[in-house]
Amino acid sequence: MEEVSVDGVRFDERGLVPAIVQDADNGDVLMMAWMNRASLERTLEEGRTVFWSRSREELWRKGETSGHVQHVVEIRVDCDADVLLVVAHQVGAACHTGERSCFHRALPGEHRREE
């Protein structure tokens, strides 16, 4: 697999890149959050997710208060280098509501798959 440096990531005009977190064990999409250069570099250094809070305008470590941390297995970059896929082992819930995934709701319609 081709490697991309942090310098190769295309941050938007705000200096941010979306980061989708995927469960390393079952492939479920757990959440989406924003990273800036500093949070991406800290994530790579620490081996657990660090994001940028747009509302508080500060770095935040996933699970810092809840204990529901994400241990990073790998970080992939999409073909345009403007979206990150963080593959991680999730400890506890990923969603602030207490759900395992932030994507625990669905829109109505016939497109829904049967569970």
Chemist: Between CD of Glu2 and SG of Cys79, what distance do you get to the nearest 0.5 Å?
Modeler: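 Nearest 0.5 Å value for the CD-SG distance: 11.0 Å.
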
Chemist: So, Asp23 and Arg100, do they make that salt bridge, N to O below 4.0 Å?
Modeler: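 Answer for the salt bridge query: yes.
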
Chemist: Only counting residues at least two apart or in another chain, list the ones meeting side-chain contact (heavy atoms from CB on, under 4.5 Å) with Arg61.
Modeler: Arg42, Glu46, Arg48, Val50, Glu64

Chemist: Evaluate the side chain to side chain contact (heavy atoms under 4.5 Å, CB included) criterion for residues Val86 and Gln70: first the C-alpha distance (whole Å), next the side-chain angles of each, then the deciding distance (0.1 Å), finally the verdict.
Modeler: CA-CA 9 Å; Val86 180; Gln70 295 167 340; 5.8 Å; no

Chemist: Identify the heavy atoms of Asp12 and Trp34 that sit nearest to each other, and give their distance.
Modeler: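 Closest approach of Asp12 to Trp34, heavy atoms only: OD2-CZ3, 4.2 Å.
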
Chemist: Which residues pass the side-chain contact (heavy atoms from CB on, under 4.5 Å) test with Ile20, sequence neighbours left out?
Modeler: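 Partners of Ile20 under the side-chain contact (heavy atoms from CB on, under 4.5 Å) test: Val29, Met32, Val83, Leu85.
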
Chemist: For the residue pair Phe11 and Val6, what are the closest heavy atoms and their distance?
Modeler: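 Result for this residue pair: CE1-O, 4.1 Å.
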
Chemist: Mark yes or no for whether Asp80, through its side chain, and Asp82, through its backbone, hold a donor-acceptor pair below 3.5 Å.
Modeler: no

Chemist: What are the two closest non-hydrogen atoms of Ala93 and Gly98, and how far apart are they?
Modeler: CB-O, 3.3 Å

Chemist: Do you know the tightest heavy-atom contact between Glu58 and Arg56?
Modeler: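 Minimum heavy-atom separation between Glu58 and Arg56: OE2-NE, 3.0 Å.
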
Chemist: Please report the interatomic distance CG(Leu44) to CE(Met35), rounded to the nearest 0.5 Å.
Modeler: 8.0 Å

Chemist: Would you please test His71 and Gln90 for side chain to side chain contact (heavy atoms under 4.5 Å, CB included) and show each step?
Modeler: CA-CA 7 Å; His71 299 283; Gln90 176 70 47; over 6 Å; no

Chemist: Would you indicate whether the side-chain heavy atoms of Arg105 and Glu99 approach each other to under 4.5 Å?
Modeler: no

Chemist: Run the side chain to side chain contact (heavy atoms under 4.5 Å, CB included) check on Lys62 and Leu30 step by step: do they pass?
Modeler: CA-CA 12 Å; Lys62 181 68 175 163; Leu30 297 174; over 6 Å; no

Chemist: If you take all heavy atoms of Ala94 and Cys102, which pair is closest and at what distance?
Modeler: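 Closest approach of Ala94 to Cys102: O-SG, 4.2 Å.
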
Chemist: Taking the side chain from Gln22 and the backbone from Asp28, do they hold a donor-acceptor pair closer than 3.5 Å?
Modeler: no

Chemist: Please list all pairs passing the ring pair (Phe, Tyr, Trp, His ring centres under 6.0 Å) test where one or both residues lie in residues 39-62, with sequence neighbours left out.
Modeler: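 For residues 39-62, and leaving out neighbouring residues, the ring pair (Phe, Tyr, Trp, His ring centres under 6.0 Å) pairs sorted by first residue read Phe51-Trp60.
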
Chemist: About how many Å separate CE of Met1 and CZ of Arg76, when rounded to the nearest 0.5 Å?
Modeler: 3.0 Å

Chemist: Ser66: which residues meet the side-chain contact (heavy atoms from CB on, under 4.5 Å) condition with it, sequence neighbours left out?
Modeler: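 His68.
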
Chemist: Does Asp78 come within less than 4.0 Å of Arg10, counting only side-chain N to carboxylate O?
Modeler: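 Salt bridge between Asp78 and Arg10, a charged N being under 4.0 Å from a carboxylate O: no.
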
Chemist: Would you mind listing every ring pair (Phe, Tyr, Trp, His ring centres under 6.0 Å) that reaches into residues 84-107, with sequence neighbours excluded?
Modeler: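 Passing the test, one end in residues 84-107: no pairs.
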
Chemist: Could you tell me the separation between the CG atom of Leu84 and the OG1 atom of Thr49, rounded to the nearest 0.5 Å?
Modeler: 12.0 Å

Chemist: Does one hydrophobic cluster hold both Leu59 and Leu16, with members joined at side-chain heavy-atom distances below 4.5 Å?
Modeler: yes

Chemist: Please name all residues satisfying side-chain contact (heavy atoms from CB on, under 4.5 Å) with Val4, sequence neighbours left out, ordered by chain then number.
Modeler: Val77

Chemist: Specify the closest pair of heavy atoms between Ala88 and Val21, including all atoms of both residues, with the distance to one decimal.
Modeler: CB-CG1, 4.3 Å

Chemist: Calculate, to the nearest 0.5 Å, the distance between atoms CD1 and OG1 belonging to Ile75 and Thr43 respectively.
Modeler: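 The CD1 atom of Ile75 sits 5.5 Å away from the OG1 atom of Thr43.
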
